[in-house]
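Report on the structure given below.
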Amino acid sequence: MISKLKSLAVGAALSLGLAGGAVAQDIQFFSIGTGGTAFTYYPVGGVIANAISKPPGSRECGEGGSCGVDGLIASAVSSRGSVDNVNAILSGLRNSGFAQSDVAYWAYTGTGTMEGNEPATELRTIAALFEEHIHLVALADSGINSVADLAGKAVSLDEPGSGTFVDASLILEANGLSIDDVKAEALKGNAAAEALRNGKIDAFFAVAGYPTGGIVELASSADIKLVPIDGAGAAALTDKYGFFAQSEIPAGVYEGIDSVSTVSVGAQWFTSAKEDEELIYNITKALWNDESRKLLDVGHAKGATITPETALNGVGVPLHPGAERFYREAGLLK
């Protein structure tokens, strides 16, 4: 039986294309919790997973092979979003995950929307990635021209385990509304877009780096608008919560839609303090090598904004010691 099991393990390794006599114990798996497949976290997670991976038997970096971490196979895992990813990291379900800067800070400190919960003191940062904009999407002829116009409307806030749900709730509050003032739905990505297109809901929130696939597709098949998140409500939000910034989504990002004022937060990559220092050092180093730069630049529209120069922007949760070591060696942290 033992002999048979060994044969099966070697056969599985070979079926994965692992050459050069590699065996199963040479492989290390590393998961990255992302978000819904229709939004930005998932495709960016796939690019990063590819960049940091180097399965046993891969050709060498510079010779057409991977420039990731030796023996590492990283995978981007679809999830419910920021809150879900933080919880999965803390429980050990996932090795790492993406989350909004606000959600992660509140989880780490047990404050804000996480007040009353035990602080997630083992949460650690690998890198700040890109800026995420809050999209409030409605049909062009809906008559919804501001957040205040959502009162009494059917609005998808995304699932409770998502950062979108957290931010949508805060945006409603800053504009004098609550979840009880709308007919709240909990739809993700493509499901929310399809419901809007079919008249099942009046609007939906999405927190994502633009352009985000689900909204690109929706804009090409329906007349939609991006509703501004600005004025006194946005000012109140940014004044109260330092992680929000007033920003805009430029004209032409989505078909037929002019520039719109909104608010943004940072998307960041987190892991657990329990993860091995050498592993996270090597992952951080792989993320920022020249070959990864090429993958980021072509892998997603947000990839070009993911740079080592901005890797520490807005970081409110301590760096993992492995990541910190890399940034000090690279001269990015004094």
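Only heavy atoms go into these numbers, but all of them, side chains included; no hydrogens, no water, no symmetry mates. As the structure is a prediction and not an experimental result, all values here were calculated from the model.
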Can you name the residues that form a ring-ring contact (aromatic ring centres under 6.0 Å, His included) with Tyr105, not counting sequence neighbours? Phe243
Qualifying residues under salt bridge (Lys or Arg N to Asp or Glu O under 4.0 Å), relative to Glu329, sequence neighbours excluded: none
Just how far is it from atom CG of Leu332 to atom CD of Glu309, taken to the nearest 0.5 Å? 7.0 Å
Under the 3.5 angstrom rule, does the side chain of His320 hit a backbone N or O of Ile280 as a donor-acceptor pair? no
Who are the ring-ring contact (aromatic ring centres under 6.0 Å, His included) partners of Tyr241, not counting sequence neighbours? Trp106
Say whether, by atom type as modelled, one donor and one acceptor occur between the side chain of Ser78 and the main chain of Gly35 under 3.5 angstrom. yes
Quick one: side-chain hydrogen bond (donor to acceptor under 3.5 Å, both in side chains) partners of Asn117, sequence neighbours excluded? none
Can you see whether Glu194 engages Asn198 through a side-chain donor-acceptor pair at a distance of less than 3.5 angstrom? yes
Can a donor-acceptor pair be found, under 3.5 Å and without considering hydrogens, that links the side chain of Asp223 to the backbone of Ala140? no
Asp84: salt bridge (Lys or Arg N to Asp or Glu O under 4.0 Å) partners, not counting sequence neighbours: Arg80, Arg94
Using a strict 4.0 Å threshold on nitrogen-to-oxygen distance, state whether Glu278 and Lys285 make a salt bridge. no
Do Ile306 and Val47 come close enough that some side-chain heavy atom pair is under 4.5 Å? no
Can a donor-acceptor pair be found, under 3.5 Å and without considering hydrogens, that links the side chain of Ser82 to the backbone of Gln100? yes
Working to the nearest 0.5 angstrom, can you tell me the gap between Tyr327 OH and Thr284 OG1? 5.5 Å
Is it the case that the side chain of His135 and the backbone of Val137 share a donor-acceptor pair, with hydrogens and angles ignored and the cut-off at 3.5 Å? no
Out of curiosity, Ile224 CD1 to Glu255 CD, how far, rounded to the nearest 0.5 Å? 9.5 Å
Sorted by chain and residue number, the ring-ring contact (aromatic ring centres under 6.0 Å, His included) partners of Tyr41 (sequence neighbours excluded) come out as Phe98
Expected list for residues 199-217: side-chain donor-acceptor pairs under 3.5 angstrom, two or more places apart:
unit_1: Asp202; atom_1: OD2; unit_2: Ala154; atom_2: N; d: 2.8
unit_1: Thr212; atom_1: OG1; unit_2: Ala38; atom_2: O; d: 3.4

Check salt bridge (Lys or Arg N to Asp or Glu O under 4.0 Å) between Lys153 and all other residues, then give those that pass, not counting sequence neighbours. none
Treating Thr310 as the side-chain partner and Asn313 as the backbone partner, does any N or O pair qualify as donor plus acceptor under 3.5 Å? no
From Glu291 CD over to Lys294 NZ, what is the distance, rounded to the nearest 0.5 angstrom? 4.0 Å
I'd like to check Leu172 versus Val147 (side-chain heavy atoms, cut-off strictly below 4.5 Å). Are they in contact? yes
Validation: residues 119-130 side-chain donor-acceptor distances under 3.5 Å, sequence neighbours left out:
unit_1: Arg124; atom_1: NH1; unit_2: Thr121; atom_2: O; d: 2.7
unit_1: Thr125; atom_1: OG1; unit_2: Val317; atom_2: O; d: 2.8

Measure the OG1-CE distance between Thr109 and Met114 for me, rounded to the nearest 0.5 Å. 9.5 Å
By salt bridge (Lys or Arg N to Asp or Glu O under 4.0 Å), Asp230 pairs with (sequence neighbours left out) none
Inter-residue atom distance Arg328.CZ - Lys334.NZ, 0.5 Å rounding: 11.5 Å
Under 3.5 Å, is there a donor-acceptor pair between the side chain of Ser66 and the main chain of Ala51? no
Check whether Glu324 reaches the backbone of Pro318 with its side chain - one donor and one acceptor, N or O, closer than 3.5 Å. no
Per-pair distances, 0.1 Å, donor-acceptor, side chain in residues 69-76, under 3.5 Å, sequence neighbours excluded:
unit_1: Asp70; atom_1: OD1; unit_2: Lys54; atom_2: NZ; d: 3.2

Hey, could you give me each pair passing disulfide (SG to SG under 2.5 Å) that has a residue in residues 42-101? Not counting sequence neighbours. Cys61-Cys67
Ser292 versus Asn289, side-chain donor and acceptor atoms under 3.5 Å: yes
Between Thr262 (side chain) and Pro228 (backbone), is there a donor-acceptor pair under 3.5 Å? no
Is a side-chain N or O of Asn50 found less than 3.5 angstrom from the main chain of Gly46, in a donor-acceptor match? no
Verdict with supporting geometry, Ser247 and His133, side-chain hydrogen bond (donor to acceptor under 3.5 Å, both in side chains): CA-CA 8 Å; Ser247 188; His133 287 75; 2.9 Å; yes
